[in-house]
Number of protein chains: 2
Amino acid sequence: MSMGPKQAILAEFAGVARALGHAHRLELLEHLGQGERGVDALAARVGLSLANASQHLQQLRRAGLVANRRDGKFIYYRLADDGVTDLLTALRRQSERNLAEVDRIRRGYFADRDSFEPVSREDLLERVASGLVTVLDVRPQDEFGQGHLPGAVNIPLGELQDRLAELDPDSEVIAYCRGAYCVFAFEAVAALRAQGRPARRLVDGFPEWKAAGLPVATSF
Amino acid sequence: MSMGPKQAILAEFAGVARALGHAHRLELLEHLGQGERGVDALAARVGLSLANASQHLQQLRRAGLVANRRDGKFIYYRLADDGVTDLLTALRRQSERNLAEVDRIRRGYFADRDSFEPVSREDLLERVASGLVTVLDVRPQDEFGQGHLPGAVNIPLGELQDRLAELDPDSEVIAYCRGAYCVFAFEAVAALRAQGRPARRLVDGFPEWKAAGLPVATSF
DNA sequence: ACTTCAATCAATAGATTACTTGATTGTAAA
DNA sequence: TTTACAATCAAGTAATCTATTGATTGAAGT
């Protein structure tokens, strides 16, 4: 069991990597990227039992990827810092580069939805500055409230059909949601274009925006 | 067993993360960062049985992190691309930020060795341009041959005491080796300073240099 | 053909991980 | 105190992962 200094350090790194090595934990991290949440809410959104979610969250905590605080009866988890989002982005980059599998899945499910070029963060900033676009946040209201792009309008995807009137029909809509693999933004763009309205999606989501150090607004 | 598109993609990402989730595999990747190597050589350096090393390497290959080619009886592995080094760097960054454990280990083993400020890549380039320093590569000769910093002198750590005459006693030495956790560079700096010679170490190693897109020289 | 040797494959035992169930802890309110 | 509830803990089973052993494949050389 004796280990050199290097082996000991590499074992620590490996521990962090292993904490990322489960789809459920990655999904928990994706949700935590939106903002602080209680265990129960997380479990419900990811579709895990409470005990199971709690255990996954504790693993993430042991790896230093998330932190938590108690408020009354509730325990709220959050990402340990913005570096976590960077690590997740690096993981996604490398995975996409080499895994034909990812591409195959994307093509299969997201089909033509991807055919309209996504908008980069820089493009979005430019267009917002010149007042040409409406930025649309299609996440649920509570996630919007915890943090969103400045000037964004919040219409959760399920309400989009009923609230089309709230969107200026003459300006292009740029939709975003949780991240690069969140389907909400795809769906929103498809729905808007079906109405003959110009719409595109932001290339990734809120956590990446925040991690890039760009301004964030909150409500409530 | 049915999975949405997101779950399927996250499962792929998790697979890549799990491939990084073992100290032996991280060490294999560190060695592969120096350049292409045969299975036997890797197994010997990391201290694994041949079969075990082979299986770890295949796991890395399945995750798309390394590639291999056959040449006669030998099979040579290499990093799939420079992005792998970036991902490893991101993993190290995040791990260091949050794990007191890493710091504790570092302090315990590397002690005062760290007390002389390491040199950044930019600093090194500047000093080389003005001819003020000797760049010293203390890795084994074969690793040096596969790629090294331009203008670097190769004296493996074990031979340093006997070959001090080869180093200009008036110019500062900047030593480097495999990476941020390779002890060779620490040892070399300690040995040189014990002789009263000015010496510091590069903040990280050859793979990071190469991944940063800086020029690389080869011999043989 | 036969031998040699690098590397992989196959099978196994032991360790670790994931998820469930039911009990326990900690806080707030009745 | 008692009750209620969020979250954790504990225990057990099924599944997965690691490392060893010995057999097998593939490319050279005799």
Side-chain angles (χ1 to χ4, degrees), chain A residues 1-3 7-8 10-29 31-32 36-63 65-78 142, chain B residues 1-3 7-8 10-29 31-32 36-63 65-78 142:
Chain A
M1 268 287 121
S2 89
M3 258 186 186
Q7 275 68 28
L10 289 178
E12 293 293 332
F13 294 178
V16 175
R18 250 200 327 273
L20 298 175
H22 195 288
H24 286 163
R25 285 194 291 272
L26 289 178
E27 202 173 354
L28 286 168
L29 288 171
H31 281 279
L32 289 172
E36 205 177 47
R37 297 204 170 288
V39 179
D40 200 39
L42 283 165
R45 280 188 199 266
V46 180
L48 299 177
S49 75
L50 185 65
N52 199 9
S54 171
Q55 283 168 178
H56 280 302
L57 287 166
Q58 283 170 70
Q59 272 187 66
L60 290 170
R61 199 165 60 86
R62 258 173 264 133
L65 294 169
V66 307
N68 62 6
R69 72 183 171 85
R70 172 155 227 146
D71 181 14
K73 298 208 284 193
F74 296 81
I75 293 181
Y76 294 96
Y77 279 84
R78 61 180 182 282
D142 59 326
Chain B
M1 269 286 124
S2 88
M3 258 188 187
Q7 276 67 27
L10 289 179
E12 293 292 333
F13 294 179
V16 175
R18 249 200 326 275
L20 297 176
H22 195 289
H24 287 163
R25 287 194 290 273
L26 290 178
E27 202 174 352
L28 286 168
L29 288 171
H31 282 279
L32 289 172
E36 205 178 47
R37 294 204 173 288
V39 179
D40 200 39
L42 284 165
R45 280 187 200 266
V46 180
L48 299 177
S49 75
L50 185 65
N52 198 11
S54 172
Q55 283 170 180
H56 279 301
L57 287 167
Q58 283 170 71
Q59 242 172 299
L60 290 171
R61 198 164 60 87
R62 257 174 264 133
L65 295 169
V66 308
N68 62 7
R69 71 180 172 88
R70 172 154 225 149
D71 181 12
K73 299 207 283 191
F74 295 81
I75 294 181
Y76 294 96
Y77 279 83
R78 63 180 181 280
D142 59 325

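Convention: sequence-line order gives letters A, B, ...; per-chain numbering from 1. Side-chain atoms are counted along with the backbone in the values below, which use heavy atoms only and exclude waters and symmetry mates.
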By nearest atom, which of the nucleotides [options] is closest to the [X] side chain?
X	options	value
A/Phe74	D/dA7, C/dT21, D/dA27	D/dA7
A/Asn68	D/dT8, D/dT20, C/dT27	D/dT8
B/Ala51	C/dT20, C/dT8, C/dT27	C/dT8
B/Gln58	C/dT20, C/dC9, D/dT18	C/dC9
B/Gln59	D/dT18, C/dT8, D/dT8	D/dT18
B/Asp40	C/dA7, C/dT21, D/dA7	C/dA7
A/Ser54	D/dA28, D/dT18, D/dA7	D/dA7

Report the distance from atom [atom1] of [X] to atom [atom2] of [N], rounded to the nearest whole Å.
X	N	atom1	atom2	value
A/Tyr76	D/dT8	OH	P	13 Å
A/Asp71	C/dG26	CG	P	18 Å
A/His22	D/dT16	NE2	P	11 Å
A/Asn52	C/dT17	CG	C1'	11 Å
B/Glu27	D/dA19	CD	P	12 Å
A/Leu48	C/dT17	CG	P	18 Å
A/Ile75	C/dA28	CD1	C1'	14 Å
A/Lys73	C/dA28	NZ	C1'	6 Å

Assign [X] to base, sugar-phosphate, or nothing according to its heavy-atom contacts below 4.0 angstrom with the strands shown.
X	result
A/Leu50	base
A/Arg25	sugar-phosphate
B/Gln55	base

| said: Whether B/Asp142 and B/Arg37 form a salt bridge (side-chain N of Lys/Arg under 4.0 Å from carboxylate O of Asp/Glu) is what I want to check. | reply: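 The answer is yes: the pair qualifies as a salt bridge.
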Beyond-backbone contact of [X] with [Y], side-chain heavy atoms, under 4.5 angstrom:
X	Y	result
A/Arg18	A/Gln59	no
A/Phe13	A/Val16	no
B/Leu32	B/Leu42	yes

If only side-chain N and O atoms of [X] are considered, is one of them under 4.0 Å from the OP1 or OP2 phosphate oxygen of [N]?
X	N	answer
B/Arg18	C/dT17	no
B/Tyr77	C/dA6	no
B/His56	D/dC17	no
A/Ser49	C/dC19	no

| query | Distance-only, no hydrogens or angles: does the A/Arg70 side chain make a donor-acceptor pair with backbone N or O of A/Gly72 under 3.5 Å? | reply | yes
| Hey, what's the ring geometry for B/His56 with B/His22, parallel, tilted or perpendicular (30° and 60° as the breaks)? |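 Answer is tilted, since the angle falls between 30° and 60°.
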